[in-house]
Participant: 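Questions regarding the structure given below will be posed in turn.
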Number of protein chains: 2
Amino acid sequence: MKIDPNHLHILSAIIDAGGLSEGASAVNKSQPSVSRTIAMLEARLGARLFEKGRRPLRPTELCLTLAEQGRIIAQASENAGQAAAHYSGGKSGTARIAGTPIFMDGVISNMMASFQGAFPDVTIHQSYGYLPDLAEQLNAGNIDLAICPVRSADVPAGFAFKPILRGRNVIACAPSHPLARMSSVKLTDIASYPWIAPPAGSPLYADLRGALASIGITDFRVSFTGGSLASIMSVMAGSESLTVLPYSVVFMQSHSKLVTALPVKLTHPDRELVFLWREDRPVRPAVQRFRKYLEGEFFGLANHIEQKGRTAVWRG
Amino acid sequence: MKIDPNHLHILSAIIDAGGLSEGASAVNKSQPSVSRTIAMLEARLGARLFEKGRRPLRPTELCLTLAEQGRIIAQASENAGQAAAHYSGGKSGTARIAGTPIFMDGVISNMMASFQGAFPDVTIHQSYGYLPDLAEQLNAGNIDLAICPVRSADVPAGFAFKPILRGRNVIACAPSHPLARMSSVKLTDIASYPWIAPPAGSPLYADLRGALASIGITDFRVSFTGGSLASIMSVMAGSESLTVLPYSVVFMQSHSKLVTALPVKLTHPDRELVFLWREDRPVRPAVQRFRKYLEGEFFGLANHIEQKGRTAVWRG
DNA sequence: CAGTTAATATAACTCTATGATATGAAAATT
DNA sequence: AATTTTCATATCATAGAGTTATATTAACTG
């Protein structure tokens, strides 16, 4: 015997509300509607659900048994509605994000942590890559959102993008570095220290060459290359090496007292940090919410950077 | 967001069956039907449930969440159907039965025990009473079925009844009783022993007087009166008292070695043991099944009684 | 890389179930 | 007995769900 889940739901509503009319309004239906529903159910079951001719409607034992299941159904339906609303509001779901390693580790990871605090039901899958790879992953549908520094003109066709931070590179070193205590840094001072080169293929590597060229340094010694942000930081802390990093990364990591920026004005790279996604694909709510969250974080970050950078870094 | 439980059920069926067409047949619907249902659901939710343009239908994470609830709903619905079928088949539910104490304790209780073994989900409420009280309880709807000895003509109006056993009383005593070893019992022997009188008001009490009168005994000494079957049996076992009991009771209790019937032929009472119920009230399946079960048991019992009684009791 | 196959989507139409309002009937209460 | 409360019934409109037939399209195959 197949019983319509809706009917069971109505049944439980009647029992719980303690009356046919009350039950009807509990499920947003009219009293005649549920009355007929019950009558049909009784006919199909071949058994009474309520004792005949008793005015405070008295449920049969079968009725109570079925109402029990109805309650389960109501709950499940409610849960489903909640889940859908949650999902549509971006409060649950999955966001798959990828970006260049230094930014992901140095900036985004912090923001992901606070996002997770606010939206614990959103699962974030993080991975790394540079522009060509990121574009490919987006095309394959393996990730939802990419974050990387790129020239607007270089954005491949078919992608939507949104700039979130202007590129601003600085020369970074350990706070204990001899140059870090000087109020102004001369180019000749810089030239004598070894350099940590970012991973080959990363935009930062090109930035390093460009930035040094802009201040007249064309010949420099590389003491360490490759590695993640964590290894760069470690090497920097234990040596007198210098490197070029986005100021946003230095800023976010400054609390760790492992890195500081030298007051040297480099020419800014012509790239911007942008969000990239496929414009033809629907954006899942969780991804949308995650992106909006990051945009907000980056907005605040950009202000802080402008403020502090002007006084502490670009004063020269 | 309110979601139709049926849709969730369909969703889970699709997931579990591993395809839209398979899912459709799993819920006894056509493929286009469920296809459209899914399309409508997606429209209402404003989110995809299956990834677009993938042929082995690939469910979205939201879809899986909702399908989970759908599975719960399917299960509940199934349970309800089972419960209804069980109930309609009389395999679950409640049967409220009442009868005269001696019969209930001496005969029915055994049958109830085996019935419970066969139908453990049927709840039996048992109570005691004599005809006037039983009729009242039936009228009030407090019990579903009464069992008591009654003359057909005495059945009150509005009641249906079904005879299940002809009245056959015997003189009962302990197996250790001096008379129990005699192959034929003379009236003068009987006259010298004390009697246990059944509860006043019970049909058996009248039977006792009538039975003894039929064999010429009008003056007898009552050593014990009232009490339940258990107390009568106890008193009988510890004394040389005699009593009158329905042979069915003696027969059913004979395994206990506490009681036996004397080979004395009493005139049978003009009452029969009958089922009584209100003919205007619907009979719940559990009650129906219980009554049918008892009828079967009594049919077998009647045969055994005829057989054994003829050789062991009424041989005189 | 056509061509085939299998699976899903769409179209067109029917019909049942459900919705609402108005109203009748009956139990419970006063 | 009158009144109130509560449930049942009648009638009609309509959305949803069912069907079959057919178009589309992803995946497979040689």
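Letters go in sequence order (proteins before strands), and every chain restarts at 1.
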Participant: If you take all heavy atoms of B:K29 and B:V34, which pair is closest and at what distance?
Facilitator: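 Closest approach of B:K29 to B:V34: CB-CG1, 4.1 Å.
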
Participant: Report the stems of DNA chain C as range-with-range entries sorted by first number; a stem here is at least three consecutive pairs, Watson-Crick or G-U wobble, both distances under 3.5 Å, and write none if there are none.
Facilitator: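 Listed by first number, the stems are C:1-30 with D:1-30.
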
Participant: List the atom pairs, donor and acceptor, that lie under 3.5 Å between side-chain atoms in residues 139-150 of chain A and the rest of the protein, sequence neighbours left out.
Facilitator:
from   : atom 1 : to     : atom 2 : distance (Å)
A:N139 : OD1    : A:R278 : NH1    : 2.3
A:N139 : ND2    : A:A135 : O      : 3.3
A:N142 : ND2    : A:Q137 : OE1    : 3.1
A:D144 : OD1    : A:R96  : NH2    : 2.8
A:D144 : OD1    : A:R284 : NH2    : 2.4
A:D144 : OD2    : A:R96  : N      : 2.8
A:D144 : OD2    : A:R96  : NE     : 3.2
A:D144 : OD2    : A:R284 : NH2    : 2.8

Participant: Taking 4.0 Å as the cut-off, does a side-chain nitrogen or oxygen of B:S21 come that near to OP1 or OP2 on C:dA6?
Facilitator: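 The answer is no; no side-chain N or O of B:S21 sits under 4.0 Å from OP1 or OP2.
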
Participant: For DNA chain D, find the residues of residues 136-143 of chain B with a heavy-atom distance under 4.0 Å and give them by number; none if there aren't any.
Facilitator: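 Output list: empty, so none.
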
Participant: Pairs under 3.5 angstrom only: tabulate donor-acceptor contacts from the side chains of residues 6-17 of chain B to other protein residues two or more places apart or in another chain.
Facilitator:
from  : atom 1 : to    : atom 2 : distance (Å)
B:N6  : ND2    : A:D4  : OD1    : 3.2
B:S12 : OG     : B:H9  : O      : 2.7
B:D16 : OD1    : B:R71 : NE     : 3.1
B:D16 : OD1    : B:R71 : NH2    : 3.1
B:D16 : OD2    : B:R71 : NE     : 3.0

Participant: Side chains of residues 45-53 of chain B: which donor-acceptor partners sit under 3.5 Å, not counting sequence neighbours?
Facilitator:
from  : atom 1 : to    : atom 2 : distance (Å)
B:R48 : NE     : B:F50 : O      : 3.1

Participant: When the distance from CG of A:L41 to P of C:dT16 is rounded to whole Å, what number comes out?
Facilitator: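 About 19 Å, once rounded to whole Å.
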
Participant: Are there over 12 heavy-atom neighbours, none belonging to B:K2, within less than 6.0 Å of that residue's NZ?
Facilitator: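 Atom NZ in B:K2 is crowded, with more than 12 foreign heavy atoms closer than 6.0 Å.
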
Participant: Quick one: does B:S88's side chain have a donor or acceptor within less than 3.5 Å of a partner on B:A85's backbone?
Facilitator: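 Between the backbone of B:A85 and the side chain of B:S88 there is no qualifying donor-acceptor contact (under 3.5 Å).
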
Participant: Just to verify, what does B:Y293 make a ring pair (Phe, Tyr, Trp, His ring centres under 6.0 Å) with, not counting sequence neighbours?
Facilitator: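 Ring pair (Phe, Tyr, Trp, His ring centres under 6.0 Å) check on B:Y293 returns B:F115.
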
Participant: Identify every side-chain donor-acceptor pair in residues 75-82 of chain A under 3.5 Å, counting partners at least two apart or on other chains, and give the distances.
Facilitator:
from  : atom 1 : to    : atom 2 : distance (Å)
A:Q75 : NE2    : A:N79 : OD1    : 3.0
A:S77 : OG     : B:I3  : O      : 2.8

Participant: Does B:S35 put a side-chain nitrogen or oxygen below 4.0 Å from OP1 or OP2 of C:dA9?
Facilitator: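 B:S35 to C:dA9 OP1/OP2: side-chain N or O found under 4.0 Å.
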
Participant: Can you sort out the partners of B:R289 under side chain to side chain donor-acceptor pair (under 3.5 Å), two or more places apart, ordered by chain and number?
Facilitator: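 Residues passing side chain to side chain donor-acceptor pair (under 3.5 Å) with B:R289: none at all.
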
Participant: Which ones in residues 64-74 of chain A lie close to DNA chain C, meaning a heavy atom under 4.0 Å from one of its atoms?
Facilitator: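 Going residue by residue through residues 64-74 of chain A, none turns out to have a heavy atom under 4.0 Å of DNA chain C.
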
Participant: Expressed in angstrom and rounded to an integer, what is the separation of A:R48 atom CZ from D:dA8 atom P?
Facilitator: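 So the CZ-P distance, A:R48 to D:dA8, works out to 8 Å.
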
Participant: Has A:S202 got a side-chain atom pairing as donor or acceptor with A:L204's backbone, closer than 3.5 angstrom?
Facilitator: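 Side chain of A:S202 to backbone of A:L204, a donor-acceptor pair under 3.5 Å: yes, one is there.
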
Participant: Could you pull out all residues at least two apart from B:F103 that satisfy ring pair (Phe, Tyr, Trp, His ring centres under 6.0 Å)?
Facilitator: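 Expected list: none.
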
Participant: Atom CD1 of B:I38 to atom P of D:dA17: distance rounded to whole Å?
Facilitator: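 The distance from CD1 of B:I38 to P of D:dA17 comes to 11 Å, rounded to the nearest Å.
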
Participant: Nearest-Å distance, NZ (B:K52) to P (D:dT24)?
Facilitator: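 Spelled out: NZ on B:K52 to P on D:dT24 is 16 Å.
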
Participant: Tell me, for nucleotides 18-30 of chain C in 5' to 3' order, what letter each nucleotide earns: B for a base near a protein heavy atom under 4.0 Å, S for only sugar-phosphate near one, - for neither?
Facilitator: BBSBB---BSS--

Participant: Measure from the side-chain N and O atoms of B:R281 to the backbone N and O of B:L138, and report whether any donor-acceptor pair falls under 3.5 Å.
Facilitator: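 Confirmed, B:R281 side chain pairs with B:L138 backbone.
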
Participant: Could you work out, with ring pair (Phe, Tyr, Trp, His ring centres under 6.0 Å) as the rule, every residue matching A:Y130, not counting sequence neighbours?
Facilitator: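 None.
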
